[in-house]
Amino acid sequence: MQVQLIRRTLLGLVLGLLLLSTVAMGSCSGKYQVLLGQLQQQAKIMQNTDMLLDPYIRIQGLDKLNHKEYCKERPGAFPGKDALRGLSRWGFLQTLNATLGLVLHRLAAFQQKVCNLTKDKDQDWKTLCQAELYIRGIRNNIFCLTRLLNLNGSSEVFAPTWAGPRTLPWPTPSPGAFNRKIDGCKFLQGYHRFMHSVGQVLGEWEEGPSRTRRHSPFWAPQGRAGRTRPSRRAKRPMPRGLLPP
Amino acid sequence: MALFAVLQTTFLLVLLPLGTYQRKVSSEPLPLTPESLKVSINSTCQCLNLQWSVHNLPYHQELQIIVQIQISRIKTSNVVWVGNYSTTVKRNQVLHWSWESELPLECATHFVRIRSVMDDAKFPELKSWSKWSSWEEVDVQDSLGHDTFFLFPKDKLVEEGSNVTFCYISRSNQNNISCYLEGIQVHVEQLAPNVSTFHLSRVPFVRPKGTNIFCDVTQGEDPKGTILYVSKVLEELKDFSCETRDLKTLNCTWDPGSDTALEIQPSQSYTLFESFSQKKKVCKHRNWCTWQVSQDSQEMYHFTLMAENYLRKRTVHLVFKLTHRVRPMTPLNFFLENINSTNATMTWKVHPIGNSTFLCQVELHHDGQIIQNKVFMEMNGKYLLSEMEPDTHYLARVRCAYGNHFWKWSEWIGRKFTTLEAAPLAALDVWRNVKSVPGGYNVTLFWKPLSKFHANGKIRFYNIAVENLDKPSQFNLSILAPSNNTALILHKYSYQIRVTASNSMGTSPASVIVISGDLGDKDIEEERVKGTEDGFSLSWKPQSGDAIGYVVEWCDHPQDPLCGLQWKKLGPNTTSTVITSDAFRPGVRYNFRIYEVSTKWIASLLEKKTGYSQELAPSDNPKVAMGSLTSHSFTLSWKDYSTESQPGFIRGYYVYLKSRMEQCTSGFERTVLSDAPANCEHKIDNPEQKTFTVENLQPASSYEVFVTPYTSTSKGPNGTFTKVTTPDEYTHMLIRIILPMILCILFITIVCYFKIQWMKEKCYPDIPDPYKSSVLSLIKSKENTHLTIMNLKDCIPDAIEVVNKPEGSKTQPLGIGKSLTETEFTKPATYLYLLPTEENPSDPGPCVCFENFTYNQAASDLGSCGHIPVPPDAPPSQLGLLNSPENLLKTLEKDYTNTLGEISAGETSLNYVSQLASPMPGDKDSLPTDPPVPAQCSEYKMQMAVPLGRASSPPSEDSSLSSIALLDQGEHYR
């Protein structure tokens, strides 16, 4: 338990620094390798189930179940590695951004109300609440990398995220709270696997920003020339089979 | 009006019987029969909602009725609940009633029917039950959907401690469905062919995300489950209170208790309602809320605080007068001024509340304790703190309350401060240790640090002024604090030493001590004292009447070199005291010296005491030496044993003796030593007696002995016994006899040894060795290599000339450098007879002369060896030629060396000279009168001259044999 706590603390420190490095600069780094390296590192950290799935399972009491059997990724919920490889860089980043937005939404819904009451006392809640900040950090790096690529001709840049007030509605309880718990578990399992794939794909991006993908240039085909300021409502390609929020 | 009423009543009385009669006849439904019964389900609360109406009421006025309701489950005959519902009803009124089912309604078909009866004394004719309504069936299973498994209730919210019944509908034919509560399987009962239930009693709160209840339906599929949200019970509100600090705003607080928030239930809300003003406020915080005081000078307030969640409400009331709930704000501008060593002034201000006065409380703290406390009506916000100690840390603080009506004190405001230093108050407690050295003495001064109270600040240094009282002179020393001793070397004069302590503000009074030139060491006997856990109780007798005090001195660590000198000063009228110290340890001997201090400040030794705070058993046993062992006793000795170094006063010794005897020897008593068999014990009461003789022992017996000391506490440690075996009784006697005998023999032996030469010469003198003869050297010097000494082996003796040597003659070998003249011939050798060589040894044959030049040169010069064959029985006078000493001397006077040189090998041919030395009794100087008897006291020695030609040849076996044969022939002469 002690080791786990230290591990989490170290992870938190690393992620916090990564997030702060982005936020503190106030502006994006203009170095492709720096941004890519940060994203790779963030993806590597986020594929660890200590960050989300494990605390979620404990908070929900699913550790009393045989969660390894039940908590399997729902097929098609997140894009696979091959699907990610097939995307252009722009498409990849936008897919990643959209997916993380979805995760943030689910996470916010999960944390609502109860999080404020208990998170100060429970380490799992603290971890979950911190994970939200980390994901926002990843999205910021995505934004910066996209903008960097956009300087080379891309027309689509989506906005960075920020930790503003949550206004998303509480999920409808129609499936039953128990099913939602199981569903959340599967979702986070898929998320971690997805981040693993993201890390692998990003590992193949070692070359400079000028390299083009095999199918399409990294700047999007639906590029909107001349748009320099990102729009939060910009349409993002939704990964196939993603669950609705 | 009254008439109308009477008429109406009369009319009704007439009509009612008529009506009753008509119903009986026409069989019409009774007027109270419920109609239009409708039943619906509320899944959230698991309620059956009933709705009906009573159309046939005979009267238009409101009537009191009782409705009886029957509820059946699965089939109408299975009535699970019957109850009455009392209400008022008017004609055509629709009535509602609800029933909460324990079993989730989705799991079973329910049937409901009702009937009613008038509950009004004015209509006794309607005092009978109406007919039952028809059974109304409620079944929602068809509307559940197409799933094969349903678990109910869905996500139910209950309070902690509730009982909850779950049921599931399984449309598949699965029989091995297991259900779990938080992973623990629960017992399931079958209610219907496809419906099963399980019951949970007194459910606890598990987590805000709810308690997981699930069933494994199909292998490999997700479990089917539901969440039971168990809310903590909303607690009663406690400690509800309101107060104001400025008469403008009320601040109400309470203890909120546990938070009852769940995923589906927010935290309990709090609402404040004031009755007089009818105002209401929803509080944003869990445990406090502010209320704006109205401007209309409302004095009384009646608050109701209500806490509420989905399951329960709690309320609490509070009524008060506003001015009775004033708690002033914390005073401000608090300062401490004019701080000196004992006084300080504190000032503050109070937030004004109208024209009210304030009650203030001042506290002064030191070391966490209140040392001053004052409450007074605040006038000018100032207070003088006095009677403080110099150089001391304090905390001063103040708080105030509303003066018109005390409600609560404000918070404290205060500050820590330190008073200034002052000169030390008291003289140091000084003592000395004086050691005489040649020409003076070493004085070590010790002093105890002043207490904080007396020091009045930090002591910087100690001043020592030494004044010679005999020869007016003085010198001063200054010792830096925190040192507490110093050493002085003084001459053999009297000195007065004054010691003071100084801090930044001044010097303490002097402590005076006088060292006398005459130490006056007296030989005072040490007295033993018995210590206790409380210390040593010491008393003494005053020596002189003018003592100004006494000092008891001791060492806390007497075994350490530094010893830790301690002292205690006592007044002049004190003759006893108790010495206590945390350093006192059991088993350590402490020595106390009591000094009397005279009016001249001179301390003289009065008494010595020694003792143990607690005596222990001896730490070791003496090493016992054994001595004076006899057959009946032995002595034990342990004189090296030190009694001073023991952890208790040695009171004596126990001597233990083990033997095979059943009875102990006298002086011993039988006892049992720990971990040992029975022993004989003897107790020695005198610790100085370190020898003991064990007596009355059995000879030749084995004993084991052991000596151990004892103190007032116990004996010494167990040790090993020393074995002693007493000797045999006769051994001693034998020694007395044999020893002198041995000594005598030894003496005789020594005497004999020293006389053996004499005996040898007397009894068997050595035959001179020709090889060592000086003649040889003479021969060699003349380089006559043809001359040599004859070897007997090489000779074939023809005859043996036996020379009878009288007793007492001394034959000495002729050594080199010793002349023949020096050879003493007290008696001439006697020739007994000459043996024939071979033919007949018994017959005297022709004489063959044997010549020994070494011995008998003169004789040989007499011609034909000068030997006269004589018969064996010839008288000794016939041998007189050679027996005369004079003749012999004459012969010897010739130069025998020349003679030797002149003898050629051919001339000498074969010559034997045989000599018999025979000690003869009688005077050496007188010739023997008896003929020589060869067999008696004769020794045969031969010296031979060997012919030159045969000298170098090895001796033949024959010659040897011949020689042996000759000897054999003559053996009877020996």
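The figures here come from the full heavy-atom set of this structure, side chains too, leaving out hydrogens, waters and symmetry mates. We name chains A, B, ... by the order of the sequence lines, and we start the count at 1 in each one.
When all heavy atoms are compared, the tightest approach of B:Tyr229 to A:Ala177 is OH-CB, 3.1 Å. Scanning both residues, A:Phe178 and B:Thr226, for their nearest heavy atoms gives CB-N, 3.6 Å.
A cation-pi arrangement, defined by a distance under 6.0 Å to the six-membered ring centre and an angle within 45 degrees of its axis, is absent between B:Lys209 and A:Tyr56.
Remark: B:Lys154 NZ is packed, more than 12 non-hydrogen atoms of other residues, nucleotides or ligands lying under 6.0 Å away.
Within residues 182-196 of chain B, the residues having any heavy atom closer than 4.5 Å to a heavy atom of chain A are B:Glu182, B:Gly183, listed by residue number. Of residues 305-316 of chain B, not one residue has a non-hydrogen atom less than 4.5 Å from any non-hydrogen atom of chain A.
Atom OG1 of B:Thr211 is separated from atom NZ of A:Lys64 by 10.0 Å, given to the nearest 0.5 angstrom. From B:Phe214, atom CZ reaches atom CG of A:Leu62 across 9.0 Å, with rounding to the nearest 0.5 Å.
Most heavy-atom pairs under 4.5 Å with chain B, from the set A:Ile182, A:Leu65, A:Asp63: that is A:Leu65. Highest contact tally toward chain B, considering only A:Gln60, A:Lys72, A:Glu69, A:Lys186, is held by A:Gln60 [criterion: heavy-atom pairs under 4.5 Å].
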Checklist entry - Where do B:Asn212 and A:Lys181 land on the side chain to side chain contact (heavy atoms under 4.5 Å, CB included) test, with the steps shown first? => result CA-CA 10 Å; B:Asn212 298 321; A:Lys181 284 187 176 184; 2.6 Å; yes
